[in-house]
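See below for the structure under consideration.
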There are 2 protein chains.
Amino acid sequence: MSRMGMSSNDHQPKQQKPSLSRERVVAAAIAILDGEGENALTFRALAKSLSTGSGAIYWHVADKRTLLAAATEHVLSEAIAQSGRGTHPADAVRDVALGVFDVIEAHPWVGTELAREPWQPAMTTLFEKISAGFDAMGVPRSALFYCGSALVQYLLGFAAQAAAAARHDFQSQDRTEVLTTLVARWTQGEPADYPYVHLLADELRSHDEREAFLAGLDLILAGARNLQG
Amino acid sequence: MSRMGMSSNDHQPKQQKPSLSRERVVAAAIAILDGEGENALTFRALAKSLSTGSGAIYWHVADKRTLLAAATEHVLSEAIAQSGRGTHPADAVRDVALGVFDVIEAHPWVGTELAREPWQPAMTTLFEKISAGFDAMGVPRSALFYCGSALVQYLLGFAAQAAAAARHDFQSQDRTEVLTTLVARWTQGEPADYPYVHLLADELRSHDEREAFLAGLDLILAGARNLQG
DNA sequence: ACATGACTGGAACAGTGTTCCAATCTCCTG
DNA sequence: CAGGAGATTGGAACACTGTTCCAGTCATGT
């Protein structure tokens with residue numbers, strides 16, 4: 001277990017190899033997650049990337065779960081903190097949600113981690129911001145919690161779905177092939193039994209992820225606006 | 001790899017131990033998942049529960065991923081197939097969503113699996129039903145796909161969150177303790193910096209899961225109704 | 001009867017997160 | 001400035017996974 005306390009690793013005199021630190025470990029983990037995918041992050045790979053052993057890593061980080069949480073927090077917190085701009089309250093909420101969207105598009109493993117462990121610290125900040133937005137939109141106090149929860153769950157659902165898609169893309173290196181396979185499974189049933197699925201299959205293949213995300217978001221925002229008064 | 005084809009295991013003469021089959025393997029897996037939690041499902045535990053070895057299991061099931069998918073499909077498909085009742089179209093959609101809700105409450109591991117692999121076969125049926133509902137509600141064709149996707153993602157988000165909560169409950173055997181810990185982390189920031197989080201902390205502790213689920217659902221339904229015309 | 005192929009059980013393998021510990025390195029103190 | 005105490009390191013070892021392999025067994029059709 002890592003010991004919290006006075007660590008003195010702020011001076012690497014000449015061209016000594018820089019001493020390990022929690023930040024360096026987290027940064028290396030993020031680099032592996034981004035560059036080689038979620039499955040590539042093992043303590044052995046991490047140790048090699050840092051030219052050390054797994055024991056040394058465990059001195060700075062309790063276990064893999066907290067390492068993943070720290071990595072998620074690192075990329076999420078800044079994005080969320082800087083988001084929330086917008087003249088209208090609804091725009092501010094949209095901006096926060098889009099901040100999360102962009103982070104997940106850039107780092108799909110964040111989606112996996114969010115889907116497994118939704119209540120990361122950064123999510124508290126997110127809940128604060130969107131609650132403020134809903135309040136400014138005129139949502140009554142009694143419904144604020146439900147609105148915030150609903151939006152968070154919508155975000156989590158997108159996170160899960162985007163992360164799963166990215167995992168599949170990563171394996172086959174070919175997004176269109178993955179989509180074709182998905183559409184094929186999608187349209188496996190008889191058109192007579194699944195008319196809407198067949199009707200909308202084209203859209204599944206060609207839809208723009210961000211546009212769909214925003215459309216779903218606007219559904220929730222419109223529903224929230226509807227609670228005014 | 002398991003061989004598909006003519007399998008002849010439909011007769012166990014007297015009181016012979018019944019022969020293995022894909023269905024029996026899946027049923028045993030579900031029993032372990034329900035009774036002892038997600039982490040308890042290992043091929044060794046499964047083999048012991050079926051009084052056999054792991055090799056025999058692999059004859060009937062390709063790997064753990066497909067086993068989990070089959071288990072999920074088993075509990076999800078029936079619930080979804082039987083759902084969708086309701087005089088008004090919106091009620092039918094609500095009924096489908098509540099079907100998924102109930103399955104996840106009864107088998108939280110379904111939430112984990114759905115969050116990891118959203119496009120199970122049963123989800124196609126679900127998409128079909130909710131698309132039909134949205135259509136009957138008067139949502140224009142051009143928005144049908146977005147509405148369906150949004151609702152699916154909301155469901156996935158609930159699935160992820162409920163599964164994570166259930167995992168924590170399982171570890172500490174004490175729901176209120178888990179909630180207290182969560183609220184504590186939740187209210188860690190300064191009240192001045194996180195006014196809404198502190199304002200709504202009580203609701204986080206005491207809210208009814210089903211009520212919150214339905215409230216969020218109604219947000220989306222209201223948003224969809226708003227697209228009429 | 002017996003050969004063929006479906007099926008079984010469990011040993012062996014590769015890879016994981018985690019623990020343990022002897023060695024080192026740093027810094028404070030006598 | 002010597003040297004000890006504690007912080008930090010690296011890598012071997014451990015326990016546990018999913019998965020593969022394979023020598024057997026069983027059932028059945030000829």
Side-chain angles (χ1 to χ4, degrees), chain A residues 1-26 28-29 32-33 36-71 112-113 116-117, chain B residues 1-26 28-29 32-33 36-71 112-113 116-117:
Chain A
M1 259 142 278
S2 105
R3 201 62 36 81
M4 289 296 134
M6 51 226 69
S7 62
S8 55
N9 51 337
D10 32 22
H11 51 83
Q12 48 268 15
K14 306 278 164 67
Q15 57 267 46
Q16 299 289 82
K17 75 174 168 188
S19 68
L20 227 44
S21 70
R22 184 182 165 95
E23 296 85 62
R24 256 168 55 78
V25 171
V26 171
I32 292 179
L33 288 167
E36 304 166 50
E38 316 181 9
N39 308 342
L41 181 65
T42 70
F43 274 81
R44 282 162 180 76
L46 196 52
K48 182 172 289 183
S49 135
L50 289 164
S51 316
T52 180
S54 29
I57 296 174
Y58 272 94
W59 176 258
H60 296 279
V61 107
D63 54 18
K64 197 178 184 183
R65 285 214 333 265
T66 66
L67 173 58
L68 280 168
T112 304
E113 178 61 9
R116 179 158 19 225
E117 211 60 58
Chain B
M1 259 141 277
S2 106
R3 199 66 32 82
M4 291 295 133
M6 51 229 67
S7 61
S8 56
N9 52 338
D10 30 22
H11 50 81
Q12 48 269 17
K14 306 280 163 63
Q15 56 268 45
Q16 298 291 82
K17 75 175 166 184
S19 69
L20 226 45
S21 71
R22 185 182 164 95
E23 296 82 62
R24 256 168 55 76
V25 170
V26 171
I32 292 178
L33 288 167
E36 303 165 50
E38 317 181 10
N39 306 340
L41 181 65
T42 71
F43 274 82
R44 282 161 179 78
L46 196 52
K48 182 172 287 184
S49 136
L50 290 164
S51 315
T52 181
S54 30
I57 296 174
Y58 271 93
W59 176 258
H60 296 278
V61 107
D63 55 16
K64 196 178 184 184
R65 285 212 336 263
T66 67
L67 173 58
L68 280 169
T112 304
E113 178 60 10
R116 178 157 18 222
E117 211 59 59

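Just so it is clear, the model here is predicted, and its values are computed rather than measured. Protein chains get the first letters and strands the later ones, always in sequence-line order, with residue 1 at the start of each. Note: hydrogens, waters and symmetry copies are ignored here, and every other heavy atom, side chains too, is used.
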Starting the side chain at C-beta, find the nucleotide from [options] nearest to [X].
{"X": "A/Ser19", "options": "D/dT9, D/dG11, D/dG10", "value": "D/dT9"}
{"X": "A/Leu20", "options": "D/dT19, D/dT9, D/dG11", "value": "D/dT9"}
{"X": "A/Ser54", "options": "D/dT9, D/dT20, C/dT19", "value": "C/dT19"}
{"X": "B/Tyr58", "options": "D/dG18, C/dG17, D/dT9", "value": "D/dG18"}

Rounded to the nearest angstrom, tell me the gap between atom [atom1] in [X] and atom [atom2] in [N].
{"X": "B/Phe43", "N": "C/dG10", "atom1": "CZ", "atom2": "P", "answer": "16 Å"}
{"X": "A/Asp63", "N": "C/dT18", "atom1": "CG", "atom2": "P", "answer": "5 Å"}
{"X": "B/Lys48", "N": "D/dT17", "atom1": "NZ", "atom2": "P", "answer": "11 Å"}
{"X": "A/Arg24", "N": "D/dT9", "atom1": "CZ", "atom2": "C1'", "answer": "13 Å"}
{"X": "B/Leu50", "N": "C/dG10", "atom1": "CG", "atom2": "P", "answer": "13 Å"}
{"X": "A/Ile57", "N": "D/dA7", "atom1": "CD1", "atom2": "P", "answer": "20 Å"}
{"X": "B/Lys64", "N": "D/dT17", "atom1": "NZ", "atom2": "P", "answer": "9 Å"}

* To do: Would you indicate, yes or no, if C/dA6 has its OP1 or OP2 atom less than 4.0 angstrom from a side-chain nitrogen or oxygen of B/His60?
  => no
* Asked: Has A/Trp59 got a side-chain N or O lying under 4.0 Å from the OP1 or OP2 atom of D/dT9?
  -> no
Taking the side chain as every heavy atom from C-beta outward, state whether [X] and [Y] have any pair of such atoms under 4.5 Å apart.
{"X": "B/Leu67", "Y": "B/Leu46", "result": "yes"}
{"X": "A/His60", "Y": "A/Arg24", "result": "no"}
{"X": "B/Leu41", "Y": "B/Lys64", "result": "yes"}
{"X": "A/Glu117", "Y": "A/Glu113", "result": "yes"}

* Asked: Pick the nucleotide of DNA chain C nearest each of A/Gly55 and A/Asn39; which residue has the one closer to the 5' end?
  -> A/Asn39
* Structure fact -> Of B/Arg44 and B/Ala56, the one whose closest nucleotide on DNA chain C sits nearer the 5' end is B/Ala56
* So what does A/Leu67 hit on the nucleic acid, given a heavy-atom distance under 4.0 Å: a base, only sugar-phosphate, or nothing? -> nothing
* **Atom CG of B/Asn39 with >12 non-hydrogen neighbours under 6.0 angstrom** => no
